[in-house]
Visitor: 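Would you mind keeping the following structure in view while I ask a few things?
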Amino acid sequence: MSYTQEISRATPGYLVILIDQSFSMCYPFGSAGTKSKECAKAVNRVLRETVLACTDGEDIKNSCDISVLGYGKLKDAAVNAFSGTLAAKPVVTIQELTENCLRVETIKRKVSDGAGGLVEIDDQFPIWIEPAAVGETPMTEAFEMAHQLVQDWIETHPSSFPPVVINITDGEADSLPTTRKAAEALAGLETDDGKTLLLNAHISGNAAQEVVLPAAPTQLPTGDSYAQFLFETSSELPPNMLERAAASGLNPTPYAKGFVYNAKLETLIQLLEIGTKAEFRG
């Protein structure tokens, strides 16, 4: 394990987000939304924060390439989840992301009033990803498409920090054995700095107990082969991500994996932040 390469324009990072867009994503999630809407909102938030982290005044630093794939919208297929101008670009730069959001929405956000209280302000929130909930769960195809993108990217960035792949799903893959093979092949791709990091976020709208960043299979529900699959295919968190997890209050143990099961919305957002926050150099 290395994972020490800085992320900069000379050695950019690569973030790949996989979003389950199968029919079950239309079910309630969070306080008022559906799984598809809340996941799209969480991903748009991550993209916005990444853009801001790579922007210094008028200077936009292309320190991170990004892909977002959706699976479930078409039968047995994974597709580029970007639409509009970015629909023809499976890998986009920060510059392209900045210049090509679908629209900008105004949302309410609470900030400090400087006197110990909070005040509500209007905030501009760019939208790149739209919610979708149609079809089955072709997770194998999503991992295979991500594999090709990551493999191609590594060929041109062999010295970079390894790609980070975050898979968000609410249900079982259509074919678990083949999906496992595809996930393991993806996580086996590596740069000079380490293997690709695969994080899995299983979300749930029920009251089942969460499993957050487990380090051992004994922490998983007994007899749940799907939880076991997601645990086994998730990457062990490197030191920098363990530090982020600790800072967010998740209290990970040594050898914790990038995996949450039956996660609520807040936990999903925390995992996305663990996997995507980085110090982008010039």
Side-chain angles (χ1 to χ4, degrees), residues 1-19 43 46-47 49-51 53-54 61-69 78 90-94 97 139 142-169 179-201 213-215 229-248 250 252 254-260 270-282:
M1 181 181 291
S2 180
Y3 303 102
T4 57
Q5 177 64 272
E6 71 175 24
I7 299 176
S8 66
R9 277 180 275 209
T11 53
Y14 184 31
L15 171 64
V16 183
I17 300 177
L18 312 180
I19 309 174
V43 171
V46 163
L47 297 178
E49 291 178 353
T50 303
V51 166
C54 293
K61 298 178 287 186
N62 284 319
S63 303
C64 184
D65 295 325
I66 297 174
S67 296
V68 184
L69 308 181
V91 182
V92 303
T93 66
I94 295 297
L97 201 64
M139 195 183 299
F143 283 139
E144 289 175 344
M145 185 174 180
H147 183 283
Q148 187 61 59
L149 291 173
V150 167
Q151 186 174 55
D152 292 346
W153 188 88
I154 287 176
E155 287 180 1
T156 56
H157 303 85
S159 300
S160 284
F161 187 91
V164 177
V165 181
I166 305 176
N167 176 41
I168 306 170
T169 180
T179 305
R180 177 188 295 273
K181 183 177 179 181
E184 291 173 347
L186 170 60
L189 297 172
E190 58 187 308
T191 69
D192 297 339
D193 195 42
K195 291 186 177 181
T196 294
L197 293 166
L198 175 57
L199 282 58
N200 284 296
L213 306 182
F229 153 72
L230 290 174
F231 171 80
E232 291 174 353
T233 56
S234 297
S235 300
E236 182 181 318
L237 294 177
N240 58 348
M241 290 189 183
L242 283 174
E243 290 175 5
R244 289 178 214 156
S248 70
L250 292 181
Y255 311 109
K257 290 200 169 191
F259 170 44
V260 292
Q270 285 177 307
L271 185 70
L272 285 168
E273 291 179 342
I274 291 167
T276 59
K277 278 191 175 179
E279 187 174 353
F280 297 100
R281 304 290 183 178

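This one's a predicted model, so the numbers in the text were calculated from it and none came from an experiment.
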Visitor: Would you say that P12 contacts C64 through its side chain, given a criterion of any heavy-atom pair below 4.5 Å between the two side chains?
Guide: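 The answer is no; the side chains never approach within 4.5 Å.
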Visitor: So P238 and L197, do their side chains get closer than 4.5 Å, heavy atoms only?
Guide: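 The answer is yes; the side chains approach within 4.5 Å.
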Visitor: P252: what forms a side chain to side chain contact (heavy atoms under 4.5 Å, CB included) with it, not counting sequence neighbours?
Guide: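 Result, side chain to side chain contact (heavy atoms under 4.5 Å, CB included) vs P252: L213, L242, A245, A246, A256.
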Visitor: Do the non-hydrogen side-chain atoms of N167 and M139 ever get within less than 4.5 Å of each other?
Guide: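 N167 vs M139: side chains touch.
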Visitor: Going through the checks in order, is the side-chain contact (heavy atoms from CB on, under 4.5 Å) test met by L189 and H147?
Guide: CA-CA 8 Å; L189 297 172; H147 183 283; 3.7 Å; yes
Visitor: Mind checking the NZ-CG spacing from K257 to L230? Nearest 0.5 Å is all I need.
Guide: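 CG of L230 is found 11.0 Å from NZ of K257.
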Visitor: Test your reading of the model: is there a side-chain donor-acceptor pair from D193 to the backbone of Q5, 3.5 Å cut-off?
Guide: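 Answer holds: yes.
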Visitor: Is any side-chain heavy atom of I166 closer than 4.5 Å to one of L272?
Guide: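 Answer yes - side chains close enough.
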Visitor: Which of these passes side chain to side chain contact (heavy atoms under 4.5 Å, CB included) with Y14: L149, I66, I154?
Guide: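 Answer to the side chain to side chain contact (heavy atoms under 4.5 Å, CB included) test with Y14 among L149, I66, I154: L149.
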Visitor: Once rounded to the nearest 0.5 Å, what's the spacing between atom CG of L15 and atom CG of L47?
Guide: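 It is 7.5 Å, given to the nearest 0.5 Å.
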Visitor: Is S67 reaching over with its side chain to a backbone N or O of P90, donor-acceptor style, under 3.5 angstrom?
Guide: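 Indeed, once roles are kept as given, a pair shorter than 3.5 Å links the two residues.
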Visitor: Nearest 0.5 angstrom please: F229 CZ to E184 CD, how far?
Guide: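 The CD atom of E184 is 8.5 Å from CZ of F229, to the nearest 0.5 Å.
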Visitor: Quick one: are I94 and T50 in side-chain contact, heavy atoms under 4.5 Å?
Guide: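 They are in side-chain contact.
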Visitor: If you measure from the Lys or Arg side-chain nitrogens to the Asp or Glu carboxylate oxygens, is any gap between E232 and R180 under 4.0 Å?
Guide: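 Looking at R180 together with E232, the answer is yes, because their closest N to O distance falls below 4.0 Å.
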Visitor: Apply salt bridge (charged side-chain N to carboxylate O under 4.0 Å, His left out) to E243 and list each qualifying residue two or more places apart in sequence or on a separate chain.
Guide: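 Listed in chain order: nothing, the list is empty.
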Visitor: Among all residues two or more places apart in sequence or in another chain, which pass the side chain to side chain contact (heavy atoms under 4.5 Å, CB included) test with A182?
Guide: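 Here the qualifying residues are T140, F143, E144.
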Visitor: Under the side-chain hydrogen bond (donor to acceptor under 3.5 Å, both in side chains) test, which residues partner T196, sequence neighbours left out?
Guide: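 side-chain hydrogen bond (donor to acceptor under 3.5 Å, both in side chains) check on T196 returns nothing, list empty.
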Visitor: Once rounded to the nearest 0.5 Å, what's the spacing between atom OG of S8 and atom CZ of F161?
Guide: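 Result: 13.0 Å between the selected atoms.
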Visitor: Begin from the C-alpha positions of S159 and D192 and carry the test side-chain contact (heavy atoms from CB on, under 4.5 Å) through to its verdict.
Guide: CA-CA 5 Å; S159 300; D192 297 339; 3.5 Å; yes
Visitor: Strictly distance-based, threshold 3.5 Å: is any side-chain N or O of S235 a donor or acceptor partner for the main-chain N or O of L237?
Guide: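 Here the side-chain-to-backbone pair does not exist.
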Visitor: For V16 and V164, run side-chain contact (heavy atoms from CB on, under 4.5 Å): C-alpha distance rounded to whole Å, both residues' side-chain angles, the deciding distance at 0.1 Å, then the answer.
Guide: CA-CA 6 Å; V16 183; V164 177; over 6 Å; no
Visitor: Might you point out which heavy atoms bring L198 and A187 nearest each other, and give the distance in Å?
Guide: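 Distance-wise, the nearest heavy atoms are CB-CB, 4.3 Å.
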Visitor: So do L250 and I274 actually touch side chain to side chain, heavy atoms under 4.5 Å?
Guide: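 I274 vs L250: side chains touch.
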Visitor: If the condition is side chain to side chain contact (heavy atoms under 4.5 Å, CB included), which residues does E190 pass it with, not counting sequence neighbours?
Guide: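 Partners of E190 by the side chain to side chain contact (heavy atoms under 4.5 Å, CB included) criterion, ordered by chain and then number, come out as K195.
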Visitor: Which atoms form the tightest heavy-atom contact between P162 and Y3, and what is the distance?
Guide: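 Minimum heavy-atom separation between P162 and Y3: CG-CE2, 3.4 Å.
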Visitor: Quick one: side chain to side chain contact (heavy atoms under 4.5 Å, CB included) partners of E273, sequence neighbours excluded?
Guide: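 Only R45, E49, I269, K277 meet the side chain to side chain contact (heavy atoms under 4.5 Å, CB included) criterion with E273.
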Visitor: Does V165 reach the side chain of V150, with side-chain heavy atoms less than 4.5 Å apart?
Guide: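 With C-beta onward as the side chain, the pair touches.
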Visitor: How far apart are the closest heavy atoms of C54 and S63, and which atoms are they?
Guide: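 Smallest heavy-atom distance, with atoms named: SG-CB, 4.2 Å.
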Visitor: Can you name the nearest heavy-atom pair linking T191 to P158, along with the distance?
Guide: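 Taking T191 first and P158 second, the nearest heavy atoms are CB-O, 3.3 Å.
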Visitor: Could you walk me through whether V68 and V92 pass the side-chain contact (heavy atoms from CB on, under 4.5 Å) check?
Guide: CA-CA 9 Å; V68 184; V92 303; over 6 Å; no
Visitor: Is there a donor-acceptor pair closer than 3.5 Å between any side-chain N or O of T11 and the backbone N or O of E6?
Guide: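 Indeed, once roles are kept as given, a pair shorter than 3.5 Å links the two residues.
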Visitor: Do L69 and I17 come within less than 4.5 Å of each other through their side chains, counting heavy atoms only?
Guide: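 SC-SC contact between L69 and I17 ruled out.
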Visitor: Distance check, rounded to the nearest 0.5 Å: L199 atom CG versus L271 atom CG?
Guide: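 If I round to the nearest 0.5 Å, the distance is 5.0 Å.
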